[in-house]
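Please read the structure below before turning to the comments.
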Amino acid sequence: MKYPCPFTKCKKWSLASRGIHIHQRSCKFNPLNRVESSQLPRNSDFFTSLDKDQWTAEELNYALPHPYLNGTPCDSDGYDLPKGAAPNPPTPTDQEPWFPFGNIAQFETADILFRRMKTSNGNINLLMEALSRFNKTDEPPFENYRDLNAKIDSIPHGDIPWQCFKGWFRDIRAVLEAQLADSNFDGSIDYAPKDVRNKDGERTFTDLMSGMWAWDQADELAQDPRNHGAMFAPVVLGSDKTTVSVATGKNEFYPLYASLGNLQSHVRRAHVGSVAVVGFLAIPKAERKDDDSELFRTFRRQLVHERVIWGIGPYIADYPEQALLACVVNVWCSKCTALPSQLDEDDSAAPRSHEHTSALFDASNNNAKKVWEGYGVISDVLPFTASFPRANIHELLAPDLLHQVIKGTFKDHLVDWISKYLEDLSPMAMTELDRRISVVPPFPGLRRFTQGRRFKQWTGDDSKGLMKALLVPDQMVKAVAAFLDACYLARKAQLTASDIKSLEAAIDRFYQERTIFIQEGIRSNISLPRQHASKHYITLILLLGAPLGLCSSITESKHIKAVKEPWRRSSRHNALGQMLRINQRLDKLAALQAHLQSLGCFPGGKMREGDKKLGLELTNDDDEKPVVDLTDGDDAEIVEGVSLVTQYPKSLARLATWFDMPSLIDHVRRYLYDHDNPDSNKIGMEVDISLCPVIVADQVNVLVYNSAYCLVHSPGDPSGPDGMRREYIRASPNWRNSNPRHDCVLVDGDPTKDGFLGFEVGQVHFFFSFRLPGDETVHKCAFDHWFEHDDTEPCPVTGLWKVRPQVSKKTERIVSVIRIDTIYSAAHLIGDTGEGPTPDNLTSTALRAYRSYFVNKYASADLLDLLS
């Protein structure tokens, strides 16, 4: 597969499979070639200066900043500051830091009522009246809702007013400067384009500033010596119409969002003020009879391009929005000139650019029909970037994982095509598919599909959930597996050059395998813009960094906070003005809270955990929240179970009777043998029980837990600002008042083996801790049922490893007690159903119904990295 050189001045094409670095270094337009080699530390010299044994996960990557536009700190007069100079202290004032509130408690009350609880005006009045009657000696925090709103409106921080000009907008530069000054982003801002390398010296693409587009922009700006030491600050824009109600009129809004491009991707995905609404574009209305008129369509397109204030960075948009922004005809690609009927067959299609469009007009003598039909170009309107230097909208349209991959290729294409195939095959085939999906075991963060794939409305999370559970006939499994491999690689938070080559290979494999749908008569051809978009992903990753930080899921989720919730809080009459005030008040409260945090007004100088979780806008269950305040340590750590069960007996002997498991005592003794003999050639399960420590079971104190949680660094999944999330592992006899739930886990196994072969798979029956008489040591353990590897290689069809229940010669399940810190993470097993029907009485919590099970590496980004 051929790709254009990612450097804007170079018109050559390269074979990415020949090696990304070769082409980058050989390209004369490569900014790195213009930097003296003496200015950049050599990899070997750089790494010998570090103590490799002390490296943390973050230090495995290092970044070389741009040599000229490197964001050198300076004073207010523009003179460079000495290296390590402290920032100027805040200017002292006579006002308390929580001004205009009387005290910090009053501010917190306003924040709780307005921002967190979204309390209505009437209920605020009722609460204040109740408080005044409750304690007549003290005044309530506010007289009424008007007093509360007036205090919020008087906050001096975050005061960026709305202005009206054929729509509503705010000063975008002021918004970006506020993001740059936000203390929440300390340590998460790149002040210069960066060349990121891993410990092997391999180029790694993470955030926008790690891509070659930012470096190339800085390199052009550096041609003027007056720019040296400056900070290049691109803006990430996003827009998409959204509907707040289908039951009332005038229910569409057109928000425009902006984010500082220097913010690292994990912060932008977690929001916390990193994505701001900067405008509401006007949506022109017309009589229904004029909806399809050429004049009206031209008017709407032109209106959009006159509304945008300024923008020279990536633009986040779905396909219809991309076509609108690029001024190309729908069904054409917004990035290249491939014909709509041959999107994936023409490798010679030229990349679009403003210069290319102008050349088309000149060659066609401004024949609008000719450029429309031959190249898909709309001639009566210019893209808004045409007037900006170094800006090309066709290059800046960001990859859209949500609509192109997750909801587009997967939901709209693959799921529909497979469903049609099964419907044509047999009506019972669809029933069986739904049955198999409904009995897929639970997993932390995995959505449950109790009715199969039949739901009234799809969301991105529905698609991602079903993507992890879908089972299809063998002849289509390879196509789905290739797509999933490509999808999960594209969703990684950072991609090395090796990852990019793997992504290219997976895309090529998917293109080859998807021909099964043509062979089976499901499609006559596959020329679809959203699938075709994946052909541009390699170039876009090289230019703009990992797609995860530029996905439209960021703006889609922002719709909730910026549009839908403010609309629900409005009176529904002339709602936009009320929505603008609500957004501005929310910004003011957030800005004051950040100011108070920077001054250390909260205990410990940090936000409380509850505050930090505000605005994270995740779709996880309430009991599986992201971790937002984690000290440095390993990527994964098992923490003591969070759900102590009090009804269980408190001694080991009585607990063994409770479970009707006399062997539990012996298993604890074997565990203690392992604990006392860590260097033994044999494990406790292999030695004679007489060699194990003797215990008095009645005197062993035991506490039983129904769950534990794993702290996992997995920025590719919904997570907190630091890319951390809690992964709960359940071992409950009565999960949510329903069936038992006993999750599976990956346990440390043979350290000499790589990947999955270095792990064992177990199913947790229960968690417990115990203490021996006279010993203060607390042993935290899990009682596991074991699986064994079914083969030494993954399944050639699905690409998944398989395991089977491990049984003794007496066909009894092999069980043992293990330390909780030997558990690496949760594991997800799906039964190998074969060709037989799914039993009617099978439930999703049963893991004994099949002879073997697939270990689902697609259940989380962490598992995919581990098991691939």
Side-chain angles (χ1 to χ4, degrees), residues 52-53 633-638 640 652 655-656 661-697 699-700 702 708 710 729 731 744-794 801-827 829 852-853 855 866-867:
K52 294 184 179 181
D53 293 333
D634 295 334
D635 279 358
E637 174 191 359
I638 293 295
E640 181 178 335
L652 182 60
L655 186 65
M661 192 182 299
S663 62
L664 176 60
I665 298 172
D666 287 345
H667 287 303
V668 171
R669 293 177 62 191
R670 295 183 186 277
Y671 158 82
L672 290 171
Y673 175 89
D674 291 331
H675 182 270
D676 296 339
N677 301 276
D679 299 325
S680 174
N681 293 328
K682 290 187 176 182
I683 61 174
M685 291 297 295
E686 298 172 344
V687 303
D688 189 273
I689 190 63
S690 62
L691 300 177
C692 299
V694 177
I695 59 176
V696 181
Q699 300 178 13
V700 177
V702 177
C710 183
I729 302 170
C744 294
V745 291
L746 290 179
V747 181
D748 292 337
D750 188 344
T752 64
K753 295 181 179 179
D754 295 329
F756 178 67
L757 294 177
F759 290 95
E760 302 294 336
V761 178
Q763 184 183 14
V764 180
H765 189 62
F766 61 92
F767 293 103
F768 70 105
S769 65
F770 70 91
R771 204 168 50 190
L772 298 176
D775 189 351
E776 295 300 318
T777 302
V778 177
H779 299 269
K780 301 174 183 178
C781 302
F783 188 79
D784 272 14
H785 294 248
W786 292 104
F787 294 83
E788 60 184 352
H789 296 180
D790 198 46
D791 203 343
T792 57
E793 297 290 338
W801 290 92
K802 292 176 69 175
V803 295
R804 60 175 180 263
Q806 188 175 5
V807 296
S808 66
K809 294 181 179 179
K810 298 180 180 180
T811 67
E812 296 177 347
R813 289 290 298 270
I814 301 296
V815 297
S816 69
V817 173
I818 62 171
R819 298 195 323 271
I820 197 172
D821 58 7
T822 63
I823 298 175
Y824 180 83
S825 72
L829 271 56
S852 61
Y853 296 82
V855 182
L866 193 67
L867 303 180

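Quantities reported herein were computed from a predicted structural model and do not represent experimental measurements. Numbers here simply count residues along the sequence, with the first being 1.
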* Asked: For the residue pair Phe783 and His785, does the interplanar ring angle fall in the parallel (under 30°), tilted (30 to 60°) or perpendicular (over 60°) class?
  -> perpendicular
* N/O donor-acceptor pair under 3.5 Å between Arg771 side chain and Val778 backbone -> no
* Count the heavy atoms of every other residue, nucleotide or ligand shown that sit under 6.0 Å from CG of Asp754, and state whether that count exceeds 12. => no
* Asked: Do the side chain of Arg670 and the main chain of Ser816 share a donor and acceptor less than 3.5 angstrom apart?
  -> no
* Check: Asp784 side chain, Trp786 main-chain N or O, donor-acceptor pair, under 3.5 Å -> no
* Applying salt bridge (charged side-chain N to carboxylate O under 4.0 Å, His left out) between Glu788 and each of Arg813, Arg804, Lys802, report the one that passes. => Arg804
* What is the ring orientation for Phe770 with His779, classed by angle as parallel under 30°, tilted 30 to 60°, or perpendicular over 60°? -> parallel
* To the nearest 0.5 angstrom, please state how far the CE atom of Met685 sits from the CD1 atom of Ile814. => 6.0 Å
* Side-chain (His789) to main-chain (Phe759) donor-acceptor, under 3.5 angstrom -> yes
* For Asp674, salt bridge (Lys or Arg N to Asp or Glu O under 4.0 Å) partners two or more places apart -> none
* Report the distance from atom CD of Gln699 to atom CG of Leu772, rounding to the nearest 0.5 Å. => 10.5 Å
* To the nearest 0.5 Å, what is the distance between CG (Leu757) and CH2 (Trp801)? -> 4.0 Å
